[in-house]
Amino acid sequence: MSEQSLRVVVADDQALVRTGFRLILESEGIEVVAEAEDGEQAVAAVRRCRPDVVLMDIRMPGLDGLEAARRILADGARQPPRIIMLTTFDLDHYVYAAMAAGASGFLLKDVTPEHLAAAVRLVRTGDALLAPAITRRLVERFARPDDPAGAATPHRELGTLTPRELEVMGLLARGLSNAELAARLGLSEATVKTHVARILGKLGLRDRAQVVVAAYETGLVSVGSAEHR
């Protein structure tokens with residue numbers, strides 16, 4: 001994928017946020033193909049423009065970002081966009097639900113320009129989870145047995161994973177990057193990427209964000225068991 005082909009929709013109810021993100025992304029050669037100020041507009045913009053990535057504010061009037069993300073990802077598009085949720089707080093309880101619904105990660109609204117552009121490029125590849133340590137904390141906080149949204153449920157394909165793939169999945173859920181996984185397991189990063197790709201394929205998951213959620217929901221990794229980094 002060429003840099004020029006990276007297309008983004010920015011959905012936020014604050015005009016200044018949308019304008020700021022547009023200026024940052026366009027200065028990095030990333031095309032902003034549409035803006036939306038609520039969830040309904042975001043869904044319509046995605047259907048119209050078919051972007052690669054959507055920056056989606058969680059809290060918007062009318063249809064909120066969470067429901068908009070669900071509708072976009074359930075739309076049946078052959079290549080649905082990657083969705084990055086925007087939040088003011090790093091442990092917003094809506095973010096876990098968004099990840100479970102298929103969002104690829106999240107960013108704080110005060111993200112630096114450099115991190116914003118890098119995150120959009122990164123999530124488009126599906127190759128790494130955004131802010132893995134923060135995401136792990138969020139999953140640990142909200143994926144609790146007394147929470148119906150976070151209750152552990154068996155995954156019908158989990159038994160198809162090899163012991164090594166289960167090990168890789170567990171370490172992903174603890175927030176390790178590809179480089180850290182490679183060092184921990186004595187593998188090359190290319191081999192780690194192959195294991196991750198096989199996990200995604202066998203479980204029918206879109207990216208590493210969904211792997212993290214699935215690891216907690218299936219009980220492969222339990223709340224409180226993750227290692228400190």
Side-chain angles (χ1 to χ4, degrees), residues 1-39 41-43 45-46 48-60 65-66 68-69 72-73 77 79-92 94-95 98-99 102-138 172 175-181 189 192-193 196 200 206-212 229:
M1 183 189 68
S2 67
E3 181 67 22
Q4 289 71 25
S5 70
L6 184 47
R7 296 158 50 85
V8 176
V9 165
V10 178
D12 193 289
D13 61 338
Q14 298 180 50
L16 286 177
V17 172
R18 297 197 306 272
T19 299
F21 280 11
R22 174 187 282 275
L23 291 173
I24 291 169
L25 294 173
E26 291 183 343
S27 72
E28 291 288 332
I30 297 171
E31 183 182 5
V32 175
V33 294
E35 296 180 18
E37 63 183 27
D38 58 38
Q41 290 185 14
V43 174
V46 169
R48 182 177 69 252
C49 301
R50 298 299 177 190
D52 301 298
V53 177
V54 180
L55 292 172
M56 180 82 74
D57 185 20
I58 290 179
R59 299 173 181 177
M60 293 185 289
L66 178 57
I72 289 168
L73 295 173
Q79 290 186 314
R82 305 289 181 177
I83 297 179
I84 301 174
M85 306 306 296
L86 301 172
T87 180
T88 306
F89 306 102
D90 68 351
L91 286 180
D92 190 313
Y94 291 110
V95 177
M99 289 174 60
S104 296
F106 71 98
L107 288 174
L108 300 181
K109 286 191 178 183
D110 62 358
V111 62
T112 66
E114 296 79 10
H115 190 189
L116 176 65
V120 168
R121 294 188 179 102
L122 184 64
V123 75
R124 176 61 181 88
T125 70
D127 199 31
L129 179 66
L130 295 175
I134 298 176
T135 302
R136 173 174 52 80
R137 286 197 292 117
L138 182 142
L172 282 177
L176 272 68
S177 66
N178 282 350
E180 290 167 334
L181 276 166
E189 287 194 49
V192 168
K193 289 182 180 181
V196 173
L200 294 174
R206 296 182 64 241
D207 54 33
R208 292 168 63 122
Q210 288 194 315
V211 172
V212 173
R229 298 186 61 201

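- With salt bridges taken as basic N to acidic carboxylate O contacts below 4.0 Å, one links D57 and K109.
- Minimum interatomic distance between V53 and R124 (heavy atoms only, all atoms of both residues): CG2-CB, 4.0 Å.
- In plain terms, the two heavy atoms of P51 and V33 that are nearest each other are CB-CG2, 4.2 Å.
- Shown here for R22 and V32, the closest heavy-atom pair between the two residues is NH1-O, 3.4 Å.
- Listed by chain and number, the residues in a side-chain contact (heavy atoms from CB on, under 4.5 Å) with A68 are V43, M56, L63 (sequence neighbours excluded).
- Annotation: side-chain contact (heavy atoms from CB on, under 4.5 Å) contacts of A34 (sequence neighbours excluded): V9, A45, R48, C49.
- With contacts defined as side-chain heavy-atom distances shorter than 4.5 Å, the pair L55/L25 qualifies.
- V123 and S104 make their closest contact through CG2-CB, 3.2 Å (heavy atoms, listed as atom of the first residue, atom of the second, distance).
- For L66, the side-chain contact (heavy atoms from CB on, under 4.5 Å) partners at least two apart in sequence or on another chain are D64, R70, Y94, A97, A98.
- Judged as a salt bridge (Lys or Arg N to Asp or Glu O under 4.0 Å), and not counting sequence neighbours, E189 has no contacts.
- A pairwise comparison of heavy atoms in P81 and V46 identifies CG-CG1, 4.0 Å as the closest pair.
- When all heavy atoms of M85 and I58 are compared, the pair lying nearest together is CE-CG1, 3.7 Å.
- One N or O on the side chain of D38 and one on the backbone of Q41 form a donor-acceptor pair closer than 3.5 Å.
- Remark: V111 engages F21, L107, H115, L116 in a side-chain contact (heavy atoms from CB on, under 4.5 Å) (not counting sequence neighbours).
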Item to check | Derivation of the side-chain contact (heavy atoms from CB on, under 4.5 Å) call for E28 and V120 | outcome: CA-CA 11 Å; E28 291 288 332; V120 168; over 6 Å; no
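- Summarising the geometry, atom CG belonging to D52 is positioned 10.0 Å from atom CZ belonging to R82; distances are rounded to the nearest 0.5 Å.
- Every residue two or more places apart in sequence or in another chain that forms a side-chain hydrogen bond (donor to acceptor under 3.5 Å, both in side chains) with R18 is listed here: E35.
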Item to check | Candidate pair V211 and L200, rule side-chain contact (heavy atoms from CB on, under 4.5 Å), full reasoning | outcome: CA-CA 7 Å; V211 172; L200 294 174; 3.5 Å; yes
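- Under the 4.5 Å side-chain criterion, counting only non-hydrogen atoms from C-beta, V8 is not in contact with E31.
- The closest side-chain heavy-atom distance from I72 to P80 is not below 4.5 Å.
- Note that NZ of K193 and CG of L181 are 12.0 Å apart. Values are rounded to the nearest 0.5 Å.
- Put simply, CD on E37 and CG on D12 are 10.0 Å apart, with the number rounded to the nearest 0.5 Å.
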